[in-house]
Amino acid sequence: MKICSLIGHKFEGWNYSDPHICVQNRVCIRCSYKKCRSSPHDYTSWEYREEGACEQERICLRCGHKSKQTHHEFSEWTRVTGKSYDRIRVCSRCGLEEYM
Ligand SMILES: [Zn+2]
Ligand SMILES: [Zn+2]
Ligand SMILES: [Zn+2]
């Protein structure tokens with residue numbers, strides 16, 4: 001329709017075109033022109049995948065997309081003497097040590 005090229009499209013709100021895909025679209029109510037955009041994933045909260053390891057995983061409830069991160073649970077920095085480093089902290093899950 002010509003009027004859209006003059007004054008621009010008149011869109012409805014964003015809608016999910018498919019409940020299992022993280023893409024939204026909106027449609028011009030005059031000429032049915034469609035616009036798409038990817039929407040943010042609707043992730044669960046981070047969960048550890050196994051005991052004694054620090055890899056976390058979360059899953060998008062809509063499309064099933066998985067994302068991963070590593071999250072250590074370090075103790076407070078503890079001061080040490082007589083070493084080549086001043087402080088140490090240890091991850092209470094996997095035992096990883098960090099020095100500084
Ligand atoms: Zn239009
Ligand atoms: Zn998703
Ligand atoms: Zn760890």
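Both counts, for ligands and for their atoms, begin at 1 and track the order of listing.
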Considering only N, O or S atoms of His41, the one closest to the Zn ion (ligand 2):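 Atom name returned: ND1.
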
Heteroatoms of the protein, restricted to N/O/S, which lie under 2.8 Å from the Zn ion (ligand 3):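 Correct list: Cys54 SG, His72 ND1, Cys91 SG, Cys94 SG.
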
Modelled atom types, side-chain donor and acceptor of Glu98 and Tyr85, under 3.5 Å: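 There is no such pair between these side chains.
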
Ser67 side chain to Arg58 side chain, donor-acceptor N/O pair below 3.5 angstrom: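 Yes.
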
Approximate separation, where rounding is to 0.5 Å, of Leu96 CG and His72 NE2: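 Interatomic distance, Leu96 CG to His72 NE2, rounded to 0.5 Å: 5.0 Å.
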
Side chain to side chain contact (heavy atoms under 4.5 Å, CB included) between Tyr43 and Lys66, intermediate numbers included: CA-CA 8 Å; Tyr43 286 119; Lys66 286 183 183 175; over 6 Å; no

Name of whichever N/O/S atom of His9 is nearest to the Zn ion (ligand 1):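 For His9, the N, O or S atom at the smallest distance from the Zn ion (ligand 1) is ND1.
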
Ionic contact status for Glu12 with Arg26, cut-off 4.0 Å: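 No, this pair does not count.
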
Aromatic Tyr16 / basic Arg62 pairing, under 6.0 angstrom, 45° off normal: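 The answer is yes, since Arg62 meets both limits relative to Tyr16.
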
Under 2.8 Å: N/O/S of Cys63 next to the Zn ion (ligand 2):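 True for Cys63.
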
Non-hydrogen side-chain atoms of Ser38 and Cys22 separated by less than 4.5 Å: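 Of all side-chain heavy-atom pairs linking Cys22 with Ser38, none is under 4.5 Å.
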
